[in-house]
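Since the structure comes first, as C-alpha cells, the remarks are kept for the end.
Note that the coordinates shown come from a computational prediction; the quantities given were computed from them, not determined experimentally. In what follows, residues are counted from 1 in the order of the sequence shown.
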Amino acid sequence: MFMSMSNSSQADVVYYIVIDYIIKLRSHYSNIDERFLSAMSLLCKVKRSFTQFDHEEVTEEESTYIEKIKEACGNNYKEILPICTEKFIENYISDTYWGLSIQSSEVTELVLKLIEEKKYQSIYNPFAGLASYGIADFIHDYHGEELDTSVCKMAQMRLELNGYDYSGIICGDSVSAWNTHGADCIVSTPPFGMSLRSLPNYHHINSKTTEQYVLERFIESRTKHAYYIMPSSVCSHQNSIVSMLRQQIVDGNMIDMVVQLPSGIYSRSAVSTSLIVLNKERNGDDPVLFVDASDSYKYNANNKEKILDVEQVLNLIHSRKNDKCIEIGAGDIAKKRYTWNVLTYLLEKEEDVPQGYLVKTLREVLTPISHKQVPPLKEERGRVVNISSLASEDFHYFISPSSFEESEIPERAVMVEEPVLLFSSIGKLKPTYCVASPEEPVYLHPHVYGYKLAFNGLDPEYLCWELSKKKLPFAGSSILRFRREDILDTRISFPPLNEQTNIFREASEVSKLAKAKELGLQEIINKLKSEYMIEVRNRKHDMKTPMTQLRNTLTLMEAFVNRLPDDSAAQLQMYIGRQKHALDTLSEIVRHLADEDVFSEPEALDIKSILASFSETNNNYSIAFILDDIALNEVTKGKATIFIGKSDFLRLVNNIISNAITHGFVDKSLHYKLQITLSVEDGFYIIDFTNNGRPLPDGMDKARYGMRGVKGKDSDGQGTGGYVVKSIVEHYGGNYNIFTKDRGGQKYTSVVVKLPIYRGDE
C-alpha cells in the first residue's frame, strides 16, 4: 500500500508514527530538546536496522515502532527518512513556541549551489548550528563546530539520517579553537549581532561581534575563499573597526561579490541580510559584483511568508548584465568610503532616458523650506505631519492641510506656511505634496523632511509618482533610514510639463482599472454595501434602548399631565430627568455617527514591560512573553518604545487575549498556550499573539475580523473585539493581520499587530 505513495506521503506516515511514539512517552520528557532527540534517535535506529548494523539495544516498545516505520518506508528509506527529519526540524525547531530557529533551506541552497559551481570539495563551517551546509553530495570533507551540546547532537543525527558522515560536526568553540582543517573555503552564518565581549570566555578576543570575528579570521587564514551570510549593516556601518576591515579586504583585492537578499526571509528575525563572497585568488583588475536580489522572493503555499527565489538570484548573478547588477572597481569602492551597500552603486547606474526628457537631481529642483522651528510649548496644538500620515497609496499624493490630525506639536517640529514636498526619513520614502499656507500651516515631525519645488517644469504629482518607484540607499543598522543627502542626490528624468500631467493621469487610470479587474467590480460594490448595512444595523441596535426609554417616558408624561394636581411638581421633575438622560444617551450615539472613535492622549510607552505583565499560568491555559532579542538589539538597541495612549494599548492587548480565552480555550480539561512574541521589522514593532486553542471560524479573514458586529458562529459576544483592534492599530499608524497555521497536525491562531517604532526626539 505504501509503495504506491509519493516519498513525501510516505514521510508523512513515518512522521505521524514517530509522533505517536513520542506522545506515548511524553511523561518521560521535560522539554522539546529531549522529545526531538528521542525522535531522531528512533529514526537513526530504524536506518541502522535497514542496513543490519544495529548494535544498540532497543526496548520492546521501540522495536514495535521500528517495525511500523520500516513497513511505511519500504525500500525507499534513504529518501523518506531525511524528508521526515526535515519535517521534525520545521515543526519543532523553527516553531517560535520553542524559541529555536534554523536558516531557511532556500538561503542554504543558494550558498551551496554557488560553492558547487566552484568545485570546492571541502568546507569549514564555524558556528554550524544544525549543519545545514553539511548536507551536500559534492562536499567530500565537511568540518563544522557547534558550541551548544544539544544542538550539536541534533546536527549529528540530521547528517546521519541524510546519509552523511556525522563525525564531520563536533561540539566545539569556533572562537577559541578556530581550525579550518585545510578546507577549500569557509562557509558560515554566524549568530547575528552576537557580542563576543559580553560573554565570559571571550574577554581576550579583540573582535566585538561574531561578524567582525569571521571577517578577521578569513583575512588571517590560509583559506582562499569564504561565503558569509551577514546582517546588511556589516556592508554599510561606518564605525571604525568594521569600516577598516572592509577597507583592508577591498585594498587586498579579497572581495568578490555582495548580494543584497530580500528582507523578511528569516522567520524569527527582521534583520536585513547579505551574502558576502570573499576570494584571495582574484586578478588585480577584477571588478566586484554587486547584486540587488531584494525583490527575488516568492510566497509560500499559504501566501503569507516570503521565501527566497534561488533560481532568480542565480540568474541575476550569472547574467550580470541587467538592471539589478553592477560591477565596480576597487578604486570606485574606495571613493565611496569602502561601503559594500549594493544600492549605493546601483542608483548611479546609467538609465536609458527617452529623447526630449530632462535629467536632474532633486538637489537641482528643490530648495529648503523657510525654517521656522516651533518652540517647545506643551499646550500648543496644530496640524502635525508625521510619517504615518504621509501618502500611503499610489496616485494619491496630494494631501490638504486639513487632512492632517490636530494634536500637540512635538519638540523641534518645523512650521510650514507654503506648498511643500514631503518625505519620510524612515522605512519608505512616501513622497507627498501638501499645499500649506499662512491660513492653513502644518507642523513637520522631525522624521519628516520638507522641500519647496524650485523648478517650474515639474508636475508635483508626476514627481511624487516617479520618486515612489525609486530605491534609495539606507544608513543605520537594519532599519531603513534615509539621509537627506542621499534623497537630494536622487536623479529623475521627466518630459515636458504637459506630457507629465497626461502620463500621470493615464497611469492612474490604468492602475484603477487593474485593481477593479483584480478584485471584481461587483465584489467591490458588494463589500461596500455589506459594510454599510453592518454599520447601520449596529447603529439601529445601539439606538433602540434609549429610543424605547424616550417613548415610554413621553407616554407616562402624557398620562400624568392629563391628571396633574397642583402639588405634583416633584414627580414631573423626575420624569423630565428620565427624558433628559435618554436624550443625552441618544445624542452621544448620534455624535459617534460622525466621530467614530475616541482615543486617549498618546505617550511614550515601554511595551516590553507591559507585555511581560500579561504572563500568567491559569487552570487550563498559560500566557508566555518572548522577545526577539537579536532583532531588538540590532534595530532599537534593546528598547521597545511606542507612542500610543496607554489605555488604548491595554485595551488592544486585553481584547486579543480575552478573545482567545473566551472563544479559543473552550475545553476545560485541556491546557492551552498563548504566546506573545515581540520583534521588529521595517520600522515597526511586530507583536504576535499565537495560541493553540480552537481555531478561527471558517471564512474569518483579516477584513471580517476588523468589521464591527461580525462574530463566529458559536460566539455569544458582541462582535466588536476585532474592530477594536483594527481601529486602535490603524489610528496609531500601524496594521494587523490574522493567520491560522497548521504545524504537525496542530492548528494555531495568530493575531499579528504592527505598531510604528518611536524614537523620541531623534
Side-chain angles (χ1 to χ4, degrees), residues 96-97 99 193 264 267-271 386-388 407-408 410 426-427 445-447 476-481 597 599-617 622-661 673-691 705-706 721-722 724-739 749-762:
T96 57
Y97 261 80
S267 60
R268 295 206 66 236
S269 175
V271 176
N386 50 43
I387 290 175
S388 63
S407 61
E408 186 177 308
I426 296 174
H445 189 280
H447 288 162
S477 51
S478 61
I479 187 171
L480 292 175
R481 182 177 290 278
D597 292 292
F599 300 93
S600 56
E601 283 293 316
E603 61 184 290
L605 296 181
D606 174 14
I607 56 173
K608 283 197 298 187
S609 58
I610 294 176
L611 292 173
S613 69
F614 284 89
S615 297
E616 65 170 307
T617 299
S622 58
I623 301 174
F625 173 61
I626 290 180
L627 278 174
D628 186 347
D629 284 316
I630 294 175
L632 251 65
N633 288 329
E634 177 70 16
V635 178
T636 62
K637 298 180 180 178
K639 295 181 179 179
T641 309
I642 58 173
F643 197 61
I644 190 173
K646 186 172 183 179
S647 62
D648 296 333
F649 184 72
L650 291 173
R651 187 163 157 244
L652 181 152
V653 176
N654 276 314
N655 263 280
I656 297 173
I657 293 176
S658 62
N659 275 349
I661 294 171
K673 292 181 180 179
L674 189 154
Q675 178 174 287
I676 307 172
T677 304
L678 176 63
S679 184
V680 291
E681 179 180 88
D682 295 336
F684 289 87
Y685 291 111
I686 311 299
I687 311 172
D688 186 335
F689 301 81
T690 297
N691 75 82
Y705 177 83
V724 169
V725 173
K726 173 182 181 290
S727 60
I728 293 174
V729 167
E730 292 185 350
H731 176 76
Y732 290 103
N735 206 339
Y736 72 100
N737 212 337
I738 60 171
F739 307 103
T749 298
S750 289
V751 179
V752 179
V753 169
K754 296 174 66 174
L755 289 168
I757 293 173
Y758 178 68
R759 297 180 181 273
D761 59 356
E762 286 184 14

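Of the N and O atoms on the side chains of Asp688 and Thr677, not one donor lies less than 3.5 Å from an acceptor on the other residue. Looking at Ser750 and Thr690, their side chains do bring a donor and an acceptor atom within 3.5 Å of each other.
A distance of 6.0 Å separates CG of Leu627 from CG of Leu632, quoted to the nearest 0.5 Å. The structure places NZ of Lys639 at 11.5 Å from OH of Tyr758, a figure rounded to the nearest 0.5 Å. Note that NE2 of His447 and CD1 of Ile426 are 4.5 Å apart. Values are rounded to the nearest 0.5 Å. Once rounded to the nearest 0.5 Å, the distance linking CD1 of Ile657 with CG of Leu652 reads 10.0 Å. Rounded to the nearest 0.5 angstrom, Ile656 CD1 and Thr749 OG1 are separated by 12.5 Å. Atom CD in Glu603 sits 11.5 Å away from atom OG1 in Thr641 (nearest 0.5 Å).
Residues Ile687 and Ile607 have side chains in contact (heavy-atom distance under 4.5 Å, counting atoms from C-beta outward). When side chains are defined from C-beta on, Phe614 counts as touching Asn654, because their heavy atoms get closer than 4.5 Å. Between Ile642 and Tyr732 there is no side-chain heavy-atom pair separated by less than 4.5 Å. Taking the side chain as every heavy atom from C-beta outward, Ile686 and Phe684 approach each other to under 4.5 Å. Between Val724 and Arg651 there is a side-chain heavy-atom pair separated by less than 4.5 Å. Between Ile661 and Leu674 the shortest side-chain heavy-atom distance does not fall below 4.5 Å.
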Does the side-chain contact (heavy atoms from CB on, under 4.5 Å) test come out yes or no for Phe649 and Ile728, once each step is laid out? CA-CA 8 Å; Phe649 184 72; Ile728 293 174; over 6 Å; no
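Contact detail for Gly733 and Pro756: the closest heavy-atom pair is O-CG, 3.5 Å. The shortest heavy-atom contact between Gln675 and Ile626 is OE1-CD1, 3.0 Å.
With hydrogens and angles disregarded, no donor-acceptor distance shorter than 3.5 Å links the side chain of Tyr685 to the backbone of Val753.
Contacts of Glu730 classified as salt bridge (charged side-chain N to carboxylate O under 4.0 Å, His left out), with partners at least two apart in sequence or in another chain: Lys726.
Around NZ of Lys608, the count of heavy atoms belonging to other residues, nucleotides or ligands within 6.0 Å exceeds 12.
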